[in-house]
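Note that ligands are numbered from 1 as they come in the structure, with each ligand's atoms numbered from 1 the same way.
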Amino acid sequence: MNVPLLDLKAQYKSLKSELDAALLNTAETQYFILGPEVQKLEGEICEYLGAERAVGVSSGTDALLLALMALDIKAGDEVIVPTYSFFATAGVVSRLNAVPVFVDCDPVTFNIDPALIEEKITDKTTAIIPVHLYGQSADMDPIMAIAKKHNLKVIEDGAQAISVQYKDGKSVGTIGDVGCYSFFPSKNLGCFGDGGMTVTMDDDIAELLKVKRVHGGKPKYYHSMIGGNFRLDAIQAGVLSVKLPHLDSWSQKRRDNAELYTKLFVEAGLAAEEGKITLDENNKVLLPKAVYKPESSNENQASSIKNYHIYNQYVIRVENRDELLAHLRENGIGCEIYYPVPFHKQECFQDLPSSKDEYPNADFAATHSIALPIYPELQKEQIEFVVKTIEMFVK
Ligand SMILES: *Cc1c(COP(=O)(O)O)cnc(C)c1O
């Protein structure tokens with residue numbers, strides 16, 4: 001049986017006529033960059049997430065870079081980032097000649113461990129970039145408290161987490177100063193190429209995002225500040241407006257798939273409980289855990305929070321990870337390692353002081369993690385086949 005890591009054609013087929021019409025609309029209007037389609041999408045995103053303002057941009061990476069520029073993060077500033085994330089989270093900091101300062105991750109959620117942030121703060125620290133990795137919120141309450149105490153900006157990297165809700169039901173991205181999203185095709189809400197979005201609750205920051213999106217000219221050709229070309233294409237906005245109304249149902253299917261994985265792993269006797277963090281004889285597969293899952297006993301909270309985890313990735317941890325990866329691929333199962341090298345081990349970051357510190361949880365994740373297929377259109381039989389194939393390997 002063939003089980004791809006992701007099947008974008010299945011999603012396209014389900015919305016083909018509407019998506020084709022959106023593409024053709026751009027061909028008819030010949031209005032390619034920013035314009036009414038982008039404005040329409042920005043309004044829809046605000047409404048959907050409960051954000052005050054949204055500014056469409058060229059990618060998730062550019063969303064982060066633009067956010068740092070709008071918040072005036074400068075050369076020499078220190079910016080706290082998790083050491084375990086996609087490269088862009090730290091790369092954008094270095095591109096501004098600011099200094100990424102790494103923090104280890106929590107062993108259950110893979111997200112930045114708030115208890116380890118304060119020891120990394122100096123008088124040069126100006127910002128924190130929490131990442132909502134794999135589709136679950138970072139622990140924002142303690143992060144916001146630390147930011148307030150030390151007067152730091154908070155840029156949320158929600159590239160894998162658009163629509164995710166934190167404890168009280170608030171959408172991630174609307175909690176810090178700026179929220180950043182990616183519409184790269186493999187994200188939960190993907191466009192037909194590169195695209196991204198910044199959101200904020202602050203009108204002044206929104207104005208800076210808008211002006212710096214077009215080189216910082218205001219009025220055009222008159223520059224009191226420097227920006228870049230961070231514009232979103234109309235064609236991508238059109239595609240995203242078609243897809244956005246379906247995002248919640250896709251996320252629900254991803255959660256259903258995750259639940260089925262958990263059930264099958266437990267039934268196979270491979271994993272005792274979600275959220276365990278050490279591998280031993282009885283626990284051969286560590287499962288991901290949705291930490292901010294509403295308690296079913298608390299009816300009010302349960303009804304307000306739906307997207308406690310949107311499983312952009314379903315990441316398990318196993319011994320002999322590389323052998324399992326090869327075994328799964330031999331059996332036609334798509335899988336991937338997110339991420340094999342934490343920032344503190346990246347060659348380009350070896351000169352950074354914080355690369356010398358210890359990051360045991362990130363090191364463990366980097367050497368034991370493997371992402372399994374979780375996309376919404378995945379069939380029950382395919383999930384059963386993945387678990388059976390893993391069972392054959394570990395037993
Ligand atoms: C994908 C991703 C980005 C970058 O988004 P692009 O649209 O590919 O530039 C940044 N951070 C994280 C955590 C991501 O997963």
Cluster overlap Leu8 with Val242, hydrophobic side-chain contacts below 4.5 Å = no
Report yes if Thr61 has an N/O atom closer than 3.5 Å to an N/O atom of ligand 1; otherwise report no.
-> yes
Ligand 1 N/O within reach of Ala88 N/O, cut-off under 3.5 Å | no
Cation-pi between Arg231 and Phe32: NZ/CZ under 6.0 Å from ring centre and within 45° of the ring axis?
-> no
Identify which of [options] has a heavy atom lying nearest to [atom].
atom: atom 11 (N) of ligand 1; options: Val92, Leu133, Leu64, Asp157; result: Asp157
atom: atom 5 (O) of ligand 1; options: Ser182, Ala63, Ala161, Pro185; result: Ser182
atom: atom 12 (C) of ligand 1; options: Ser59, Ala159, Gly135; result: Ala159

Measure from the side-chain N and O atoms of Asp106 to the backbone N and O of Asp113, and report whether any donor-acceptor pair falls under 3.5 Å.
-> no
Please answer whether the main-chain N or O of Val341 pairs with a side-chain N or O of Gln346 as donor and acceptor at a distance below 3.5 Å.
-> yes
Does the side chain of Glu78 pick up a donor-acceptor pair with the side chain of Thr122 at under 3.5 Å?
-> yes
For Ser85, take its heavy atoms, then give the atoms of ligand 1 lying under 4.0 Å from any of them.
-> 13 (C)
Using the benzene-type ring in the case of Trp, are the ring centres of Tyr134 and Phe110 under 6.0 Å apart?
-> yes
For atom 14 (C) of ligand 1, what is the nearest protein heavy atom, given as residue, atom name and distance?
-> Lys187 NZ, 3.0 Å
